[in-house]
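See below for the structure under consideration.
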Amino acid sequence: MTNLINQTAAALAGLLADGSVSSVDVTRAHLDHIDAVDPDVHAFLHVARDAALATAARVDARRAAGEKLGPLAGVPIAIKDVLATHDMPTTSGSKILEGWIPPYDATVVRRIRAADLIPLGKTNMDEFAMGSSTEHSAYGPTHNPWDLDRIPGGSGGGSAAAVAAFEAPLALGSDTGGSIRQPAAVTGSVGVKPTYGGVSRYGAIALASSLDQVGPVTRTVLDAALLHDVIGGHDPLDSTSLTDAWPSMAAAAQAGLKDGALTGVRIGVIKELNGAGFQAGVKQRFEETLALLSAAGAIVSEVSAPNFEYAVSAYYLILPAEASSNLARFDSVRFGIRVNPEDGPLTSERVMAATRDAGFGDEVKRRIILGTYALSAGYYDAYYGSAQKVRTLIQRDFTAAFDKVDLLVSPTAPTTAFKFGEKMDDPMAMYLNDITTIPANLAGIPGMSLPMGLAPEDGLPVGLQVMAPARADARLYTFGAAVEQLLEAHWGHTLLSRAPALANTEMFATEGGAV
Amino acid sequence: MAKAELMDYDKALELFEPVLGFEVHVELNTKTKMFCGCANEFGSGANTNTCPTCLGLPGGLPQVNRQAIESSIRLGLALGCEIAETSRFARKNYFYPDTAKNFQTSQYDEPIAFNGQLTIELESGRQVTVDIERAHMEDDAGKLTHMGGAAGRIQGADYSLVDYNRGGVPLVEIVTQMIEGAEADAPEIGKTYVAAIREIVKALGVSNARMEEGNVRCDANVSLRPRGSNILGTRTETKNVNSLRSVERAVRYEIQRQAALLTAGGTITQETRHWHEDTGVTSAGRPKSDADDYRYFPEPDLVPVAPSRAWVEELRATLPEPPAARRKRLQADWGFVNLEFQDVVNSDLLDVMEATIAAGAPAQAARKWWTGEIARLANAAGVTAESLVTPAQVAALIALITDGTLTDRLARQVLEGVIAGEGTPSEVVASRGLAVVSDDGPLIAAIDEALASQPDVLAKIRDGKVQAAGAVIGAVMKAMRGQADAARVRELVLERAGSAPVEQAPAEPAE
Ligand SMILES: [Zn+2]
């Protein structure tokens, strides 16, 4: 029988549609693989085995009855724990929400259910998406499938590790400063942060409202596009949701596979995101990729974004400020855990304080304190106000750059996956890991990370970040699919086919992962 | 609590000049809440009108209610405000269990309406123009009920219950500029200003405007400036004063309390104060200071509200006649003296009166019936007058009296029949056989003629000088050639005088 876990979502969809396999078989294969490898990887916080198999059986029955189903019907998917699910616990990686089951589904969850995808479970993340390593999860870290002693990136390390470890072909993530793209880069997977407003945030537990964006986490660009088409589009429940009529991202990705898709495409290399502090192997793979692109007919030039040097500072004012307010609702009154103070009277104020003290981790407390300070009277203009001005300057840098080029590229992260504990005692080093991904969130533009090889010095994945103007998500998919095809042709295989086997299971039917 | 020392009001005014300011919260009567689709409904089961957004659940997001924006713009326009081309919501951050998100979504530095004016008229005829600083939108908090303590107070309570049905209900907060020069009228200005706001929101139809249900709530700021000084005193803010009379009393109380305290060498603390309806006093609440830091910042989950100029003008065109202007017009049209007109206004009968008169009834007769017999029946039944009968029915009833078919006594029985659902007044007359015995016909004609020919006597009777009726009675007896019962004639003269048309402007009645 065909190995079902190393298929792309697009391939699985084909097999399901022509009746070669059932959704129950596909779902069970993934659940079994989760059982085999997740004790080591810990990508999942919750696995909904029974519900997933039941949903798959229903989809199979409807398909058998001749019902016309959507393109991804019957394909399993993992859901980042930041998204509200009415039938699974939703904790956002925090102890304060331990065991909480929301009474509703996030809009994106509603949409994947309506498209008959099969939710497998909820994936691990840094608490409230604050972090770049999943080490800040209250439920223990996720391990990088490429090296279990290393971080899988963050905050969405669980979703990235789940697809990289073949536990799920698709996953949902959220990206506030790189939480989809950086984990994709360090796990050799594909992640897309759509244009701000392109995908609904309703039901995504807010970190920083003006930066958060939900997006796809997959192993191929086409799969990401297929998932984007399911979750994207206007949602009246999210006031910041764009009302645009979006083109098919899947069609855009398919267009990138055609000959000559790269000819004449103007690529800008951001000078400020290619410099000091970048790992040698990261720089090397980036240069090689640029050379391949030129050879394929793309026009590569350097552009400058002078205000990017302020991006991290601005980001770490805006994010904590918004987060301090967004996290105020976690007060034990209506949901979540409740902790009473050890002594003294049980006033609501004291119960709130004791609950928040016990329920929030250190990184969350650190950012709440930072944000509270930044918004305080007398400091607002100097901190939050100035950060918003920087944001405007960064938007102008992008506008100026996109006047000259169609797309901007950089390494997705300055380094490959680092070891556990390496940056835990140095928040600044952790924050600087996001230097490449943060500008896109500040400007609201779409960004993608896709694999561009392994760093020679450590054999770990390196990601290429591609950014397009706001609303030009389709351009990302066309270009991303073309680059992916170019690189895989150059390597002769997919990157993830080189990932080490995680358990005593036969992971690949053939070397290339094909049927 | 210990009762504060109060200074005699006149003495306080001699020593100090009161400076006022009001914040009036108007709860809009939109179908749904400000930022979600939950019903905006008073009296539902606790926490039944809730959703992830208004419960502040993780992942909940706000969506602006278009109707609330429309109502706010209309209210702003009715207050003579400019409407902002773009306005924004902000978050006002503070922890309190009745605020689900632990921040209130309110407009801070970019309100939807600003720079308005409202002219009010006091009973003395003095006109006062109150400058409106701003009218901004925000969402209401839930309702806390403290259990186990005394009188529902939080002190001594064992636990508290929260009902989030009101959480997220749209409010417009109308903030005045400082009101100076109020002098001894300060309490009445407070009452009249809030009454005017209530009247406007009612005329606009944007709020149910029931103060007893908290649809209109007033915070009254009072400070005293010593005579001869140009330095403002420290102000107190008395919160949630929920009736017109209470606004008047609370302002007066604060003037007297602050004057006593200042004269005794004390200082006023800048604080919020609670108004106690039962005892008529205010008590200290939370101290307010510049250290209060709500960490306002623009609400990132909402895009700015940018009403097009065309829409604003469209809404301006829908504004009703300003209530004060309408009252002036109606009083003049109807020829009512102040007391008569006030009676109609206070009984909330302007609309039905207007409709009754439009249906052909003389104004005085309409007033007599609505504020008299109908109001009495409504009062007894515990319902509003307008819920008993329609203006058309009242006008028909009055027509039957005017044409002599009914006497007042018979008309009261017909009214009963109409209220009981027996049909129109004519149908009730027919089915109950209530028409005036034909004998009274010529008598009534003679009385009407006599009253019409002696308008000065008519005016006197209407003023309550019943002895004046003698002249008319004499004329009628003469016209009837003595063929009438004098007692009956007297009864009918007084009755007809009550509903006769006014021929000349009546004199101000004595109180
Ligand atoms: Zn609601």
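Sequence lines set the chain letters: A, B, ... in the order given, protein chains first and strands last, and positions in each chain run from 1.
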- Item | Close contacts, residues 38-53 of chain B versus chain A, judged by heavy atoms under 4.5 Å |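 Within residues 38-53 of chain B, the residues that come under 4.5 Å of chain A (heavy atoms only) are B/Pro52, B/Thr53.
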Does [X] have more than 12 heavy atoms from other residues, nucleotides or ligands lying within 6.0 Å of its [atom1]?
X	atom1	result
A/Lys389	NZ	no
B/Tyr108	OH	no
A/Glu349	CD	no

Is it the side chain or the backbone of [X] that comes within 4.5 Å of chain A heavy atoms, both, or neither?
X	result
B/Phe297	both
B/Tyr296	backbone
B/Phe35	neither
B/Asn93	side chain

Would you check if [X] and [Y] make a side-chain contact, meaning some heavy-atom pair closer than 4.5 Å?
X	Y	value
B/Tyr164	A/Val333	yes
B/Pro97	A/Met352	yes
B/Glu299	A/Ser325	no
A/Asn326	B/Arg91	yes
A/Tyr202	B/Gln63	yes

Smallest separation among heavy atoms of [X] and [Y], with atom names:
X	Y	answer
A/Ser239	B/Val303	O-CG1, 3.9 Å
B/Leu61	A/Leu237	CB-O, 3.7 Å
B/Gly56	A/Phe335	O-CE2, 3.6 Å
B/Asn102	A/Ala328	ND2-O, 2.7 Å

- Message: Taking 4.5 Å as the heavy-atom cut-off, does anything in residues 92-112 of chain A contact chain B, and if so which residues?
- Response: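 Those residues of residues 92-112 of chain A which have a heavy atom under 4.5 Å from chain B are A/Leu97, A/Trp100, A/Pro103, A/Tyr104.
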- State which residues pass side-chain contact (heavy atoms from CB on, under 4.5 Å) with A/Thr243; sequence neighbours excluded, sorted by chain then number.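 With sequence neighbours excluded, A/Thr243 shows a side-chain contact (heavy atoms from CB on, under 4.5 Å) to A/His234, given in chain and number order.
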- Query: What is the distance from atom CZ of A/Arg329 to atom OG1 of B/Thr99, rounded to the nearest 0.5 Å?
  - Reply: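 It comes to 12.0 Å.
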- CZ/B/Phe103 to OG/A/Ser324 distance, rounded to the nearest 0.5 angstrom?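 B/Phe103 CZ to A/Ser324 OG: 10.5 Å, rounded to 0.5 Å.
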- Message: Keeping B/Asp293 on the side-chain end and A/Ser376 on the backbone end, is there a donor-acceptor pair under 3.5 Å?
- Response: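 Side chain of B/Asp293 to backbone of A/Ser376, a donor-acceptor pair under 3.5 Å: no, none is there.
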- Side-chain donor or acceptor of A/Arg334 paired with backbone N/O of B/Ala100 under 3.5 Å: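 Yes, the answer is positive, given that a donor and an acceptor are paired below the 3.5 Å cut-off.
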- Query: Considering only heavy atoms, which portion of A/Thr372 lies under 4.5 Å from any heavy atom of chain B: side chain, backbone, both, or neither?
  - Reply: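 A/Thr372 touches chain B through backbone and side-chain heavy atoms alike.
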- Message: Is A/Asp212 close to chain B through its backbone or its side chain, or both, or neither, when contacts mean heavy atoms under 4.5 Å?
- Response: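 Looking at A/Asp212, nothing touches chain B.
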- May I ask you to name which of A/Ala208, A/Ala206, A/Ala204, A/Ala374 has the most heavy-atom pairs under 4.5 Å with chain B?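 Among the listed options, the one with the most contacts to chain B is A/Ala204.
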Under 3.5 Å, side-chain donor or acceptor atoms of residues 380-387 of chain A against the rest of the protein: list the pairs with distances, not counting sequence neighbours.
| from | atom 1 | to | atom 2 | distance (Å) |
| --- | --- | --- | --- | --- |
| A/Tyr384 | OH | A/Gln388 | NE2 | 2.9 |
| A/Ser386 | OG | A/Asp381 | O | 3.1 |
| A/Ser386 | OG | A/Ala382 | O | 2.8 |

- Message: Tell me which of these, B/Pro300, B/Ala157, B/Pro62, has more heavy-atom pairs under 4.5 Å with chain A than the rest.
- Response: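 Answer, by heavy-atom pair count under 4.5 Å with chain A: B/Pro300.
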